[in-house]
A.B. asks: 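Shown below is the structure under consideration.
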Amino acid sequence: MSDDDSPCSCIIDTGGLHDIANATGNMKVAALQKLKSGLIIVPSWAFQELAEAYPEEAEELAVHIDTKVIMKKAISVSAARIAERLNSGFSKGPHDNLTVIHTAAVAMMKGYRVITAQSDVVAYDNIGCDACDLDTWMGDQ
């Protein structure tokens, strides 16, 4: 399924993917089903970052990911505008390959909610994105 015909209403970043990989029980089963159904869109850059930092987790999740968004010029331009507005530069952390800002760019362009690690919700709030952690998002479903 391409990112243009996706039924999703949310996008996940590296922290959110890491949280799914480490979830247990019914939460993990439900989150994996939502990945597989395309209800959660996965940016290629977030998956790549996860694969570099946690290869086993990426391998486990790969079979469940049906919908990926790839980097396009419009995303890069929007991310650059966000960084400029925040006067932030781009780097956020040791594993950050600009994933937060690029994910925020897609979320803002498409009206998606971001699923992220609880510690990153504030970063998205500061950008002006609707974001929540996995537990909150699953509770809203």
Side-chain angles (χ1 to χ4, degrees), residues 1-24 26-141:
M1 181 179 296
S2 75
D3 58 320
D4 295 327
D5 59 6
S6 173
C8 71
S9 61
C10 59
I11 187 168
I12 195 164
D13 70 0
T14 308
L17 288 169
H18 180 66
D19 285 353
I20 289 176
N22 288 290
T24 58
N26 292 338
M27 168 94 59
K28 185 167 190 161
V29 171
L32 291 174
Q33 287 174 343
K34 290 182 185 304
L35 276 175
K36 186 68 175 169
S37 70
L39 292 175
I40 302 171
I41 194 168
V42 178
S44 59
W45 55 89
F47 186 79
Q48 180 179 344
E49 185 175 81
L50 180 76
E52 290 171 5
Y54 306 101
E56 297 84 19
E57 291 179 8
E59 185 177 334
E60 174 192 358
L61 294 180
V63 298
H64 299 283
I65 296 172
D66 187 51
T67 307
K68 283 187 186 173
V69 63
I70 59 171
M71 184 62 68
K72 295 180 181 177
K73 184 176 180 178
I75 296 169
S76 294
V77 169
S78 181
R81 287 182 182 144
I82 291 168
E84 182 178 20
R85 185 183 75 223
L86 296 174
N87 195 23
S88 68
F90 271 89
S91 186
K92 179 180 167 293
H95 301 293
D96 190 3
N97 294 322
L98 319 180
T99 58
V100 169
I101 293 177
H102 285 101
T103 303
V106 173
M108 293 171 79
M109 289 168 52
K110 300 279 190 173
Y112 295 155
R113 187 176 201 187
V114 178
I115 302 170
T116 189
Q118 186 175 21
S119 60
D120 288 334
V121 171
V122 171
Y124 286 103
D125 287 344
N126 290 338
I127 293 171
C129 279
D130 180 22
C132 66
D133 63 18
L134 181 64
D135 290 339
T136 302
W137 187 77
M138 292 297 288
D140 290 348
Q141 297 299 298

A.B. asks: Report yes or no: does Asp120 contribute a side-chain atom to a donor-acceptor pair with the main-chain N or O of Ala123 at less than 3.5 Å?
C.D. replies: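 Between the backbone of Ala123 and the side chain of Asp120 there is no qualifying donor-acceptor contact (under 3.5 Å).
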A.B. asks: Could you tell me which non-hydrogen atom of Asp133 sits nearest to which non-hydrogen atom of Ala117, and how far apart they are?
C.D. replies: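 Here Asp133 and Ala117 meet closest at CB-C, 4.4 Å.
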A.B. asks: Do Gln33 and Val29 make a side-chain contact, defined as non-hydrogen atoms from C-beta onward lying under 4.5 Å apart?
C.D. replies: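 The answer is yes; the side chains approach within 4.5 Å.
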A.B. asks: How long is the gap from CG on Asp13 to CG on Asp19, to the nearest 0.5 Å?
C.D. replies: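 Atom-to-atom, Asp13:CG and Asp19:CG are 9.0 Å apart.
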A.B. asks: Atom OH in Tyr124, atom CE in Met108: separation rounded to 0.5 Å?
C.D. replies: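 Tyr124 OH to Met108 CE: 12.0 Å, rounded to 0.5 Å.
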A.B. asks: Is Ile115 close to Lys34 at the side-chain level, that is, under 4.5 Å between some pair of heavy atoms?
C.D. replies: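 A side-chain contact under 4.5 Å is absent here.
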A.B. asks: Got a second to check how far Glu60's CD is from Leu17's CG, nearest 0.5 Å?
C.D. replies: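 Interatomic distance, Glu60 CD to Leu17 CG, rounded to 0.5 Å: 11.0 Å.
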A.B. asks: Sort out for me which residue in Asp130, Val106, Ile40 forms a side-chain contact (heavy atoms from CB on, under 4.5 Å) with Tyr112.
C.D. replies: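 One option only clears the test, and that one is Val106.
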A.B. asks: Which atoms form the tightest heavy-atom contact between Ala30 and Met138, and what is the distance?
C.D. replies: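 The answer is CB-CE, 3.1 Å.
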A.B. asks: What heavy-atom pair brings Ala51 and Ala58 nearest, and what distance separates the two atoms?
C.D. replies: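 Closest approach of Ala51 to Ala58, heavy atoms only: CA-CB, 3.5 Å.
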A.B. asks: List in chain and number order the residues that pass side chain to side chain contact (heavy atoms under 4.5 Å, CB included) with Glu57, two or more places apart in sequence or in another chain; answer none if no residue qualifies.
C.D. replies: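 Partners of Glu57 under the side chain to side chain contact (heavy atoms under 4.5 Å, CB included) test: His18, Ala21, Asn22, Leu50, Tyr54.
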A.B. asks: Can you tell me how far the SG atom of Cys132 sits from the CD atom of Gln118, to the nearest 0.5 Å?
C.D. replies: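 Taking SG in Cys132 and CD in Gln118, the distance rounds to 10.5 Å.
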A.B. asks: Who passes side chain to side chain contact (heavy atoms under 4.5 Å, CB included) against Asp125, sequence neighbours left out?
C.D. replies: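 By the side chain to side chain contact (heavy atoms under 4.5 Å, CB included) rule, Asp125 matches Val121.
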A.B. asks: With rounding to the nearest 0.5 angstrom, report the CD1 to OG1 distance, Ile11 to Thr103.
C.D. replies: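 Ile11 atom CD1 to Thr103 atom OG1 measures 5.0 Å (nearest 0.5 Å).
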A.B. asks: Quick check for you: to the nearest 0.5 Å, what is the distance between Ile65 atom CD1 and Ile41 atom CD1?
C.D. replies: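 Going from the CD1 atom of Ile65 to the CD1 atom of Ile41 covers 11.0 Å.
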A.B. asks: Looking at every heavy atom in both Ala107 and Val114, which two are closest together, and how far apart are they?
C.D. replies: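 Result for this residue pair: CB-CG2, 3.6 Å.
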